[in-house]
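Indexing begins at 1, ligand by ligand and atom by atom, following the structure's order. By convention here, the first residue in the shown sequence is residue 1.
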Amino acid sequence: MIWEKMGTDKLVLLLMLASMFLVAVTAAPIGSQTYIVHMAKNMSHTDIMAKGAWYNEIMQGAKTLLSETEEDDGKDCVHHVFDKVFNGFSARLTPAQAAYMEKLPGVLKLYPNEVHTVSTTRSPSFLGLTATGAALLNESNYGEGVIIGVIDTGIWPERPSFSDVGLGPIPAKWKGICETGVAFDTTQCNLKIIGARYFLKGNEAMFGPINDTNEYRSPRDLNGHGTHCASTAAGRASSPAGKYGLAEGTAMGMAPKAKIAVYKALWRAEGAGSTDDLVAAIDQAVLDGVDVISFSIGGFSQLEFHSNPIAIATYNAVNQGVFFSASAGNDGPSAGTVENVTPWVTTVAAATQDRDLNAPVELGDGTKLSGRSPFDGTGLNGNLILPLVYAGDAAIDSSVAWNASVCQAADFLDVTLVQGRLVLCDYVPSWTSYYDIVARAGAAGIILGNTPASGEALTLTEGFLSTPFTRVGNAVRIAITNYIRATAAPAARILPAMTLIPGPKPAPQVAGFSSRGPLSVAYGGAQWLKPDISAPGVDILAAGNGQEDYAFMSGTSMACPHISGMGALLKAVHPNWSPAAIRSALMTTATVLDNTQLTITAEESGLTASPWAFGAGLALPERAMTPGLVYDMGHDDYFFFLCALGYTTEQIQVFEHGPFTCPPQVRVQDMNLPSFVALFDSLRLATQTPVTFTRTLTSVTTGVSTYNASVVNPQGFTISIDPPTLTFSPTQLMQRFVVTVTPDGTTSMPQYGSHGSVIWTDGHHYVQSPVVATNVDVW
Ligand SMILES: *[C@@H]1O[C@H](CO)[C@@H](O)[C@H](O)[C@H]1NC(C)=O
Ligand SMILES: *[C@@H]1O[C@H](CO)[C@@H](O)[C@H](O)[C@H]1NC(C)=O
Ligand SMILES: *[C@@H]1O[C@H](CO)[C@@H](O)[C@H](O)[C@H]1NC(C)=O
Ligand SMILES: *[C@@H]1O[C@H](CO)[C@@H](O)[C@H](O)[C@H]1NC(C)=O
Ligand SMILES: *[C@@H]1O[C@H](CO)[C@@H](O)[C@H](O)[C@H]1NC(C)=O
């Protein structure tokens, strides 16, 4: 009945508004694009089928009246209907249609579509989880029954990581399906991969049809990224794993008995997707009943949250109890590059592991220098000592000396100077022409040397298995260059790779590529800590696609599914924990120390890193199972956060459909995050005005417990805690306290702030939070 009534109202409005816009459309430029149309909930139908019909009817009306000149007139142009985490739909609209839509009653806002892109044998045991003997794996029954939705490039279901032998039934709450398509039928789903879907309409509207000869119109994974992430989060133990004879052992994901639900929304070789396909995937995953969403996706323009449909969708997903783990981005080590920064998602930075795939360079004088490569020593000129040349000395012309030095293309090199030699190239991110240097310029092998820009940060470069190849840090590159300069006939060889555990460097280190905080000004500046947490993301071995059983990959994309899997294990042990409680448990039990017992360092520099790089530290899932206390957050907390950000009623309305009133004087500092960012401007520093925070801790143990606070003061500041002791009991599970950070009279501070911590302990549990005191002036 309601539907009928709405239908009539709306038709009248359509006719009224249409007459206003008929003039505009002839003058409007042709060229439609996809918009996400946000509908007010009070105007809407409760039933998704009725919603779909209504949206189609709105579109039909708009098209009949406004789109005579549209080339694809007559096609069904509603791409996706959103229901669970976002109220509305996406559709292709001309500018005139968009303007028309925006004025329809019940339409809150239109958002243009954007492009987003894809931003383990060793990691579970490095993190304290092994197939035998970990209490968390035992108590969670390996994550049995918890559902992880992986929004990514799809899946290669035949990998042993996705075997369902011995797994329990599909949870009763599951509402998803196994969508079939090219090279994917319902038999590809099983008790492990319980569902699979794909979202392509927004993508094809943006980039044109996919090429059906080299992409699968189905959940099957062309790219490999989704398969890798899914197996890292929830792959079964499979042995022997390993690749190239390296990193051998048993490969196992974090939550080996968790269920995987696949949502393919990133496409083509580059793994790119559109906003509306991603919102549709999040919406469907929540509707299907996932517990965790793994989102290794970045490439966002820095929109305020109320203008970002993904921020709105994740707000609602988390409010419906879904633990949402997202990658921090791969734009490090520059400051201010972190992505996925909403306070309701868990943002994951990438760290190195204690394993190195080491293929050293041996110089003619016998010096051995560390390098990283899968080189197996078998190929042409395998282990021979070869003449060595720096590519920058082999340019065809001095005007292209720089292009030659980075081995940008074979054409820049003088073949007579490189043929049959090992060539030292300076590393530039995302260059891929090294094959060309071997194939066309005739180089016998390549040493890829970091410059100061990437420092000592290394990742495995795949593809050069039998050709001499290794990647070296900046210090080694300088040593090799000095040797070349000082030697009449420089020569070297690359030794075959060996797996070293531990590697030559401390571990973990923050990966050089891992995006760093603080939040950029577009998000309101450094008001809260991001990333939240770190997990392994360098040279991660997990399931591959196509012909590859296993693949090494590096990225915050690889770190994110570690946290997704840990979230699943915690959810299995503590089904009632909120997403915030899970994040809090992971953060407050994380370690900020490396395997040499010093504060975690940055891979590129070897210098002490800060919480802007590693968040609360490296997650230790075994400890997260019993955190003692959590900083919990629920719907009201996230809503208050929007108020604290100073959003207008209209801006908050896109998150909150019901009536609401912001409480007075709500502050970001009082949001119940497990981290503290104290912002000081120079005036406050000079007058020593303190910054205060209130927090509430919730006990997650039984019985009575008393916790004392201790602090590690950031350099130049003093932290005080009031009260310094908190007692929890079954009748008093929550306690409030106040943290005050006071400047000691310093008038300057390090550019990215000083850091310390607040620790609560009852003698058994250590509930630790990072504290950053930072200068508001630099943002
Ligand atoms: C529905 O919500 C919109 C936007 O929030 C508001 O302008 C409108 O008055 C509301 N309509 C009803 C019938 O409550
Ligand atoms: C795992 O749990 C079982 C029973 O639940 C217990 O007997 C066993 O000792 C546990 N193993 C570990 C390693 O905690
Ligand atoms: C599709 O891919 C195939 C194989 O890579 C290629 O030969 C063909 O030209 C492509 N078609 C289009 C329309 O791009
Ligand atoms: C050398 O590299 C620079 C930077 O990528 C590029 O702009 C320039 O065009 C290159 N030179 C030639 C001759 O291609
Ligand atoms: C907490 O502090 C009180 C008073 O200083 C002390 O008696 C008690 O042992 C402390 N408890 C813990 C777990 O440190």
Side-chain angles (χ1 to χ4, degrees), residues 153-154 181-183 200 203-218 220-224 267-272 390-415 417-418 423-437 440-441 448-454 545-547 588-589 623 626-630 697 699-712 719-729 732 735 737-739 757-769:
T153 61
V182 177
L200 182 57
N203 195 297
E204 290 198 312
M206 196 172 247
F207 302 111
I210 57 166
N211 182 341
D212 283 295
T213 60
N214 58 19
E215 169 60 292
Y216 305 96
R217 195 174 286 276
S218 78
R220 185 170 290 276
D221 183 8
L222 167 80
N223 181 288
W267 294 84
R268 312 170 206 241
E270 62 274 24
Y390 171 51
D393 297 338
I396 43 159
D397 184 306
S398 60
S399 69
V400 293
W402 183 82
N403 306 67
S405 70
V406 298
C407 293
Q408 196 179 66
D411 300 334
F412 296 117
L413 295 169
D414 181 340
V415 174
L417 296 177
V418 300
V423 179
L424 172 66
C425 307
D426 292 340
Y427 170 75
V428 177
S430 69
W431 241 237
T432 52
S433 53
Y434 308 117
Y435 283 108
D436 210 33
I437 306 303
R440 287 176 52 224
L448 191 54
N450 283 359
T451 62
S454 37
N545 67 343
Q547 299 307 307
T588 62
T589 60
R623 274 164 57 173
T626 52
L629 305 172
V630 295
L697 278 165
S699 171
V700 290
T701 53
T702 52
V704 175
S705 51
T706 297
Y707 283 80
N708 291 346
S710 63
V711 301
V712 176
I719 302 174
S720 63
I721 313 253
D722 179 40
T725 298
L726 296 174
T727 298
F728 300 84
S729 70
Q732 187 68 57
Q735 292 286 8
F737 65 99
V738 176
V739 173
S757 48
V758 165
I759 305 144
W760 288 96
T761 182
D762 63 352
H764 307 290
H765 304 98
Y766 293 85
V767 186
Q768 177 164 339
S769 291

So does [Y] get a backbone contact from the side chain of [X], meaning a donor-acceptor N/O pair under 3.5 Å?
X      : Y      : answer
Glu215 : Arg268 : yes
Ser218 : Gly181 : no
Asn203 : Ala272 : yes

Per-atom contacts of ligand 4 with Phe412, taking only distances under 4.0 Å to non-hydrogen atoms:
12 (C), 13 (C), 14 (O)
Within the 4.0 Å heavy-atom shell around Asn403, which atoms of ligand 4 are there?
1 (C), 2 (O), 3 (C), 8 (C), 10 (C), 11 (N), 12 (C)
Looking at [atom], is any protein heavy atom nearer than 4.0 Å to it?
atom                   : value
atom 9 (O) of ligand 3 : no
atom 5 (O) of ligand 3 : yes
atom 2 (O) of ligand 5 : yes

For the residue pair Asn223 and Ala269, what are the closest heavy atoms and their distance?
ND2-O, 2.7 Å
Might you point out which heavy atoms bring Val630 and Val700 nearest each other, and give the distance in Å?
CG2-CG1, 3.9 Å
Using a strict 4.0 Å cut-off to heavy atoms of Asp762, name the atoms of ligand 5 that fall inside it.
13 (C)
Show the atoms of ligand 5 that are less than 4.0 angstrom away from any heavy atom in Gly763.
13 (C)
Please identify each residue that fulfils side-chain hydrogen bond (donor to acceptor under 3.5 Å, both in side chains) with Ser454, with sequence neighbours left out.
none
the protein heavy atom lying closest to atom 14 (O) of ligand 5 turns out to be Asn708 ND2, 3.3 Å
re atom 13 (C) of ligand 3, the protein heavy-atom contact at minimum distance is Asn211 ND2, 4.5 Å
Which of the atoms in ligand 3, numbered in the order shown and given with their element, are less than 4.0 Å from a heavy-atom of Thr213?
1 (C), 2 (O), 3 (C), 4 (C)
Taking only residues two or more places apart in sequence or in another chain, which ones pass side chain to side chain contact (heavy atoms under 4.5 Å, CB included) with Asn214?
Asn211
At under 4.0 Å between heavy atoms, what of Thr706 touches ligand 5? The answer is neither
Just wondering, do His765 and Trp760 contact through their side chains at under 4.5 Å, heavy atoms?
no
